[in-house]
Amino acid sequence: FPLYNLDFGEIREKQYELLKSLNVKYITLHEDAFPYKVSPYPCRFTFKNLRASKYLKLVASEYPVWLFEVVDTPVANSSDIFQQTSTMGVVYEVERLPYKTGSRVDDPQASEGTAAFGKANRDDKDYLFFGPYRTFPTGKYNVIFRLKAGDSTTHAEVAKIDISTGRGRTVLSERALRGTDFSAANRYQDFLIPVDLNEPTRLEFRAYFCGNADLWADYVYICFRDQEDPAKSYEAEELFPIGLVKSDPDASSGEALFVGGGKEFEFG
Ligand SMILES: [Ca+2]
């Protein structure tokens with residue numbers, strides 16, 4: 001899918017040349033035709049990348065549709081850079097992901113009350129969870145793995161966490177955790193590993209159960225590294241659409257979200 005990167009608004013020379021060879025003159029972005037499966041980030045994220053593209057020119061817009069013209073001659077000497085970020089973080093409850101060892105258990109300390117669990121001296125050494133094979137756009141990210149170990153004194157490895165692509169064949173970032181990396185036994189702790197993506201990349205998060213201590217995994221959380229999380233305030237129009245984005249010079253970023261009266265929203 002050579003044009004798949006357009007879901008994130010990422011057009012590089014390769015995509016531009018392909019658009020030209022296909023005789024594509026215009027690209028439309030339609031916010032109402034932008035379900036979550038298109039991108040983990042809102043339509044606005046894609047719009048900003050398209051608007052910043054040297055290969056496109058915004059020629060018309062009438063909410064919820066934007067029309068971009070594919071330019072004949074891109075601005076010379078400007079590089080393809082994709083610097084959009086989002087305040088949105090994405091959480092994966094890992095007990096819902098596939099696994100190769102351990103079980104899924106109730107755990108009142110865990111988010112949603114459930115966790116993935118590997119029992120020392122019982123369960124095989126293998127992956128406690130893996131997946132979800134979701135594509136993320138170009139950017140610098142932090143990924144937090146929320147884990148709990150039954151032993152915080154052992155120097156043996158209790159878990160290996162990693163971020164990979166290509167069905168696990170290419171590890172992009174990883175960290176081995178010993179019992180002593182946990183500040184206390186039987187208490188959840190966040191372990192952060194960074195990952196830099198130079199192009200849209202299909203990601204997999206994994207935790208390997210080493211068998212040397214009981215191990216629980218609660219969730220994985222991925223967010224752009226430049227975001228303060230939780231942020232002190234959110235620009236509502238950067239979140240998933242619940243209304244209409246309009247220019248508003250009085251708003252903090254020059255745009256504001258307008259929500260019609262009587263409209264009902266569903267989250268989740
Ligand atoms: Ca959980």
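Counting convention: from 1, in listed order, for ligands and their atoms alike. Bear in mind that the values here come from a model prediction, so they are computed numbers and not experimental data.
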Relative to the Ca ion (ligand 1), which of the N, O or S atoms in D218 is the closest? OD1
Do any N/O/S atoms of D107 come under 3.0 Å of the Ca ion (ligand 1)? no
Looking at the Ca ion (ligand 1), which N/O/S atom of E93 is the nearest one? OE1
One thing to verify: whether E174 and R206 come together as a salt bridge, which I'm taking to mean a side-chain N less than 4.0 angstrom from a carboxylate O. no
What angle, in degrees and rounded to 10°, do you get at the Ca ion (ligand 1) when you join it to OE2 of E95 and to O of S111? 90°
Determine, step by step, whether T85 and D226 satisfy the side chain to side chain donor-acceptor pair (under 3.5 Å) criterion, reporting the C-alpha distance in whole Å, the side-chain angles of both residues, the deciding distance to 0.1 Å, and the verdict. CA-CA 8 Å; T85 74; D226 66 344; 3.1 Å; yes
Quick check on the Ca ion (ligand 1): does Y219 put an N/O/S atom closer than 3.0 Å to it? no
As a quick check of understanding, evaluate side chain to side chain donor-acceptor pair (under 3.5 Å) for Q189 and K148, giving each step before the final call. CA-CA 6 Å; Q189 189 169 332; K148 178 168 78 171; over 6 Å; no
Any side-chain heavy-atom pair of S173 and V143 under 4.5 Å: no
Does NZ or CZ of K160 fall inside the cone over Y208's six-membered ring, less than 6.0 Å from its centre and within 45° of the axis? yes
